[in-house]
Amino acid sequence: MRHFLTLRDCSVDEIHQLLRRATELRDMHRAGHLHQPLQGRVLGMVFEKSSTRTRVSFEAGMAQLGGHALFLSPRDTQLGRGEPVEDTARVVSRMVDAVMIRTFGHDMLERFAGHSAAPVINGLSDLCHPCQLLADLQTFTEHRGPITDRRVAWIGDGNNMCHSWIEAAGLLGFDLHIAAPPGYRPEADILALGGDRVQVFDDAYAAAEGADLVTTDVWASMGQESEQAAREEAFRGFCVTESLMECAGEQALFMHCLPAHRGEEVEAAVLEGPQSVVWDEAENRLHAQKALLEFLMLGY
Ligand code: CP
Ligand code: NVA
């Protein structure tokens with residue numbers, strides 16, 4: 001039984017296989033081809049934080065594959081009334097075929113997976129967001145070909161998304177130039193996973209120069225709402241502007257996992273501009289996760 005808590009739960013070959021399959025599934029979906037290998041299978045979805053893309057893509061994806069998805073909010077389940085994660089894991093995983101969890105501390109996912117009889121998928125934790133990276137890598141590949149040996153610029157917070165980009169750089173072999181202010185840099189042990197593929201800069205322009213992809217995320221992630229004002233101050237100079245995209249060059253794509261705050265981490269003109277592929281990126285959550293669900297529930 002396999003879990004998908006971080007990108008490192010897959011081998012490099014498996015990641016390439018998932019990305020190829022995701023594009024195949026996208027093409028089949030767009031052609032209206034019915035493909036229902038997960039008939040009778042159920043995905044449990046535990047959301048301890050808000051979501052639009054993750055919920056809709058997993059729920060629609062399971063329906064399209066012939067299965068069913070169950071939305072489980074802590075507000076309506078015994079998890080929210082203190083039933084231990086380990087007990088919930090043993091009970092729920094006897095009834096469903098996989099469990100997706102969006103939570104705060106990554107240790108909750110590990111505790112659940114440690115007691116689960118079914119595969120567990122990380123739908124975002126404070127540590128990382130591997131499902132988003134599958135969609136982002138798929139999107140880059142569809143627009144520009146293989147990402148190996150290309151250059152990605154991450155501008156802003158050294159957060160869960162940045163951590164997953166670091167893992168991806170180390171696994172797939174591309175250069176990642178991170179621009180982040182002091183105090184908001186990625187965790188040192190995650191940074192080490194990128195090896196010499198990852199460099200941290202003080203200046204957004206230095207990181208963006210010559211990048212094939214510029215990407216960013218909100219300055220205050222879910223759970224950090226009370227830090228909004230302090231973060232707005234700290235991240236001044238780390239907005240993806242039209243001028244920063246010019247510095248990267250016209251070959252550069254722009255991505256954002258969304259939701260975006262126009263005028264904070266990205267200018268509206270960049271988000272809506274010709275280099276932006278954010279809507280393809282969001283759509284690919286559906287296709288990439290359908291590939292992942294097939295992989296975890298059926299194997300290749
Ligand atoms: N990008 C992403 O995970 O979006 P949601 O928070 O809407 O799921
Ligand atoms: N870093 C953001 C990503 C949202 C999809 C957060 O954790 O809120």
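Whatever order the structure lists them in is the order used to number ligands and atoms, beginning at 1.
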Task: cation_pi(Arg55, Phe71) dist<6.0 Å, angle<=45 - done: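 Judged by the rule (NZ or CZ under 6.0 Å from the ring centre, within 45° of its axis), Arg55 counts as positioned above Phe71.
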Task: With Glu209 via side chain to side chain contact (heavy atoms under 4.5 Å, CB included) - residues at least two apart - done: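 Only Cys247 meet the side chain to side chain contact (heavy atoms under 4.5 Å, CB included) criterion with Glu209.
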TODO: Would you please test Met255 and Met161 for side chain to side chain contact (heavy atoms under 4.5 Å, CB included) and show each step?
DONE: CA-CA 12 Å; Met255 287 194 206; Met161 275 299 302; over 6 Å; no
Task: Flag if over 12 foreign heavy atoms under 6.0 Å of CD, Glu250 - done: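 Count not over threshold, so no.
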Task: Value rounded to 0.5 Å, distance of OG1 in Thr215 from CD in Glu281 - done: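 The distance works out to 6.0 Å.
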Open item on the list: Is the ring pair Phe174/Trp165 parallel, tilted or perpendicular, if the boundaries are 30 and 60 degrees?
Closed with: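 Answer is perpendicular, since the angle exceeds 60°.
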Task: For Arg41, salt bridge (Lys or Arg N to Asp or Glu O under 4.0 Å) partners two or more places apart - done: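 Testing Arg41 for salt bridge (Lys or Arg N to Asp or Glu O under 4.0 Å), a comparison that skips the adjacent residues, returns none.
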Open item on the list: Testing Glu142, Gln138, Glu283 one by one against Arg26 for a side chain to side chain donor-acceptor pair (under 3.5 Å), which residue passes?
Closed with: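 Testing Arg26 for a side chain to side chain donor-acceptor pair (under 3.5 Å) against Glu142, Gln138, Glu283 leaves exactly one candidate, Glu142.
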Open item on the list: Against Asp126, only a single residue in His106, Lys49, Gln224, His163 fulfils side chain to side chain donor-acceptor pair (under 3.5 Å); can you say which?
Closed with: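 Testing each of His106, Lys49, Gln224, His163 against Asp126, the sole residue satisfying side chain to side chain donor-acceptor pair (under 3.5 Å) is Lys49.
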- [ ] For ligand 1, list the protein residues that place a heavy atom within a distance below 4.0 Å of one of its atoms, sorted by chain and number.
- [x]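 The answer is Ser51, Thr52, Arg53, Thr54, Arg102, His129, Gln132, Cys257, Leu258, Arg285, counting any residue whose heavy atom sits under 4.0 Å from ligand 1.
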TODO: Taking only heavy atoms of the protein into account, state which residues are under 4.0 angstrom from an atom of ligand 2, in chain and number order.
DONE: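 Residues near ligand 2: Leu124, Asn159, Asn160, Asp217, Val218, Ser221, Met222, Cys257, Leu258.
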